[in-house]
Amino acid sequence: MSMFPIASITTTTTTSNIVFSSIPQNFTHLQARIWGRGTFNNGGSGLSIVCSFTGYTPIYRHRLAGTGAIVVAQNYSGSFGSVGTIPDVTANASIFGSVIFDFVNYSVAGQNKTLRYFGGFDRNGSGEINFGSSLATGPAIATLDFTTDGSWAAGCRIDLYGIGISNATGA
Amino acid sequence: MPIIPISGSAAARGAMIPLGTVTYTGPAGGVGFNLPASSAGYQDLMFVATLRNETPGAGFAFYFNGDVGSGNYSNTWLLGDGANLSSGRSVSQNYLTWYATPSSYDAPNIFSTHIFHIVNPHPSATTPFRTVLHRWGNDKNGSGTSGLQVLSWRAATTMSAITVGATAGNFSTGSVFTLYGIRSVNQ
């Protein structure tokens, strides 16, 4: 199994959508590694990252989270992505969240798409660690459009990787 | 404490490149990986450790750049122990300490595994803090823990070294520490 870089996007200004298009279909698995924060004021709580792709129907998100005080298990219908993994605008401007998304069967037509995520942020007295999954129906994923509550702040970055089963081709 | 030279080759194919590894052939106290300037050529770093402590109740300390007295570390964690879930945090710490490691109190040959994702260790814009994701697990056939943790290092400086040390005594024979670099496009 090998991992190959596909594309990288860094925001230089406040940005509503981070979009990857023409995603190659010759991998078995996609991974997005995210460094981000949002512009929305959520009272210090984490911001979600929502994904969309052409022809999809978002079904559900599930979340298991630790807030530093309590454990949270939640679900949300009608959306595809994560829950509460990057800091909001009230965080120190130097604090970004780290999040890893795995789209395991992204290129398989006719299968529901399952996303797994792991991410969080820490503000030296508050913060969240989140783990969860999300389900959508739809065709193979050829585009990915990432949004968050409000917009992405300047300085956010998403690196997209393909993970394959062959060292030689990445296929 | 051994300091591991970086051995990864830029010619190696793929995004994930092994940069250095050490396997303990005898008990020892810790390991440090010095990051050369070329490590800026990796968008992310991943640090993998398989650990066992010689001293019951001991754990490990994880820190960057030898920064162990500034109170620059904090973390939030989520833990399951087979019966209960819990969450907590530590603030203004001198380094990350964690104790979910087997020791000589436990059956032989039981180790815990730890994976640290150091996303964007060399940010180019402004001087953001570092946010590290850690997941771990150990199972002792009747007890054990697994969990997730997010660590913040509030130092706006170039990351130059990663160190893991035992909080007391030594790590056991068979402990393994490996550092990987993850290249993005054009790296």
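By convention in this document, chain letters (A, B, ...) are assigned in the order of the sequence lines, proteins followed by strands, and residues within each chain are numbered from 1.
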*For Asp145(A), which residues count as a side-chain hydrogen bond (donor to acceptor under 3.5 Å, both in side chains) partner, sequence neighbours excluded?*
Asn17(A)
Is the backbone N or O of [Y] less than 3.5 Å from a side-chain atom of [X], with the two atoms forming a donor-acceptor pair by type?
X: Ser87(B); Y: Thr67(A); answer: yes
X: Arg33(A); Y: Val119(B); answer: no
X: Arg89(B); Y: Glu128(A); answer: no
X: Thr131(B); Y: Phe96(A); answer: yes
X: Asp122(A); Y: Thr76(B); answer: yes

*asked:* Report which part of Gln93(B) has an atom under 4.5 Å of a heavy atom belonging to chain A: side chain, backbone, both, or neither.
replied: neither
*asked:* Between Ile182(B) and chain A, with a heavy-atom cut-off of 4.5 Å, which part of the residue counts as in contact: side chain, backbone, both or neither?
replied: both
_Heavy-atom pairs under 4.5 Å with chain A, option from Leu85(B), Asn186(B), Leu148(B) with the top count_ = Leu148(B)
_Under 4.5 Å from any heavy atom of chain B, what part of Ala154(A) do you find: side chain, backbone, both or neither?_
neither
*Can you tell which part of Leu64(A) gets under 4.5 Å to a heavy atom of chain B, answering side chain, backbone, both or neither?*
both
_chain B contact residues among residues 35-62 of chain A, heavy-atom distance under 4.5 Å_ = Trp35(A)
*Quick one: which residues of residues 70-89 of chain A reach chain B at under 4.5 angstrom, heavy atoms only?*
Ile70(A), Val71(A)
*Quick one: of Gly66(A), Gly68(A), Pro5(A), Gly120(A), who has the most non-hydrogen atom pairs under 4.5 Å with chain B?*
Gly68(A)
_Minimum-distance pair of heavy atoms, taken over all atoms of Ile129(A) and Trp77(B)_ = CG2-C, 3.9 Å
_Least distance between heavy atoms, Arg183(B) atom then Tyr161(A) atom_ = O-CE2, 3.0 Å
_Point-to-point distance, once rounded to the nearest 0.5 Å, from CG of Asp44(B) to OG of Ser98(A)_ = 8.0 Å
*In Å and rounded to the nearest 0.5 Å, what is the CD to OG distance from Gln43(B) to Ser8(A)?*
6.0 Å
Is there a continuous path of hydrophobic side-chain contacts, each under 4.5 Å between heavy atoms, that joins [X] to [Y]?
X: Val31(B); Y: Val68(B); result: yes
X: Ile162(B); Y: Tyr42(B); result: yes
X: Ile100(A); Y: Ile163(A); result: no
X: Ile17(B); Y: Val22(B); result: yes
X: Phe116(B); Y: Val164(B); result: yes

_More than 12 heavy atoms from other groups under 6.0 Å of OH on Tyr95(B)_ = no
*Please walk me through it: do Asn124(A) and Ser92(B) pass side-chain contact (heavy atoms from CB on, under 4.5 Å)?*
CA-CA 7 Å; Asn124(A) 194 34; Ser92(B) 301; 3.2 Å; yes
*What residues of residues 132-144 of chain B sit under 4.5 Å from chain A when you count only heavy atoms?*
Leu133(B), His134(B), Arg135(B)
*side-chain contact (heavy atoms from CB on, under 4.5 Å) between Ser74(B) and Arg123(A): does it pass, once the steps are laid out?*
CA-CA 8 Å; Ser74(B) 57; Arg123(A) 298 172 54 163; over 6 Å; no
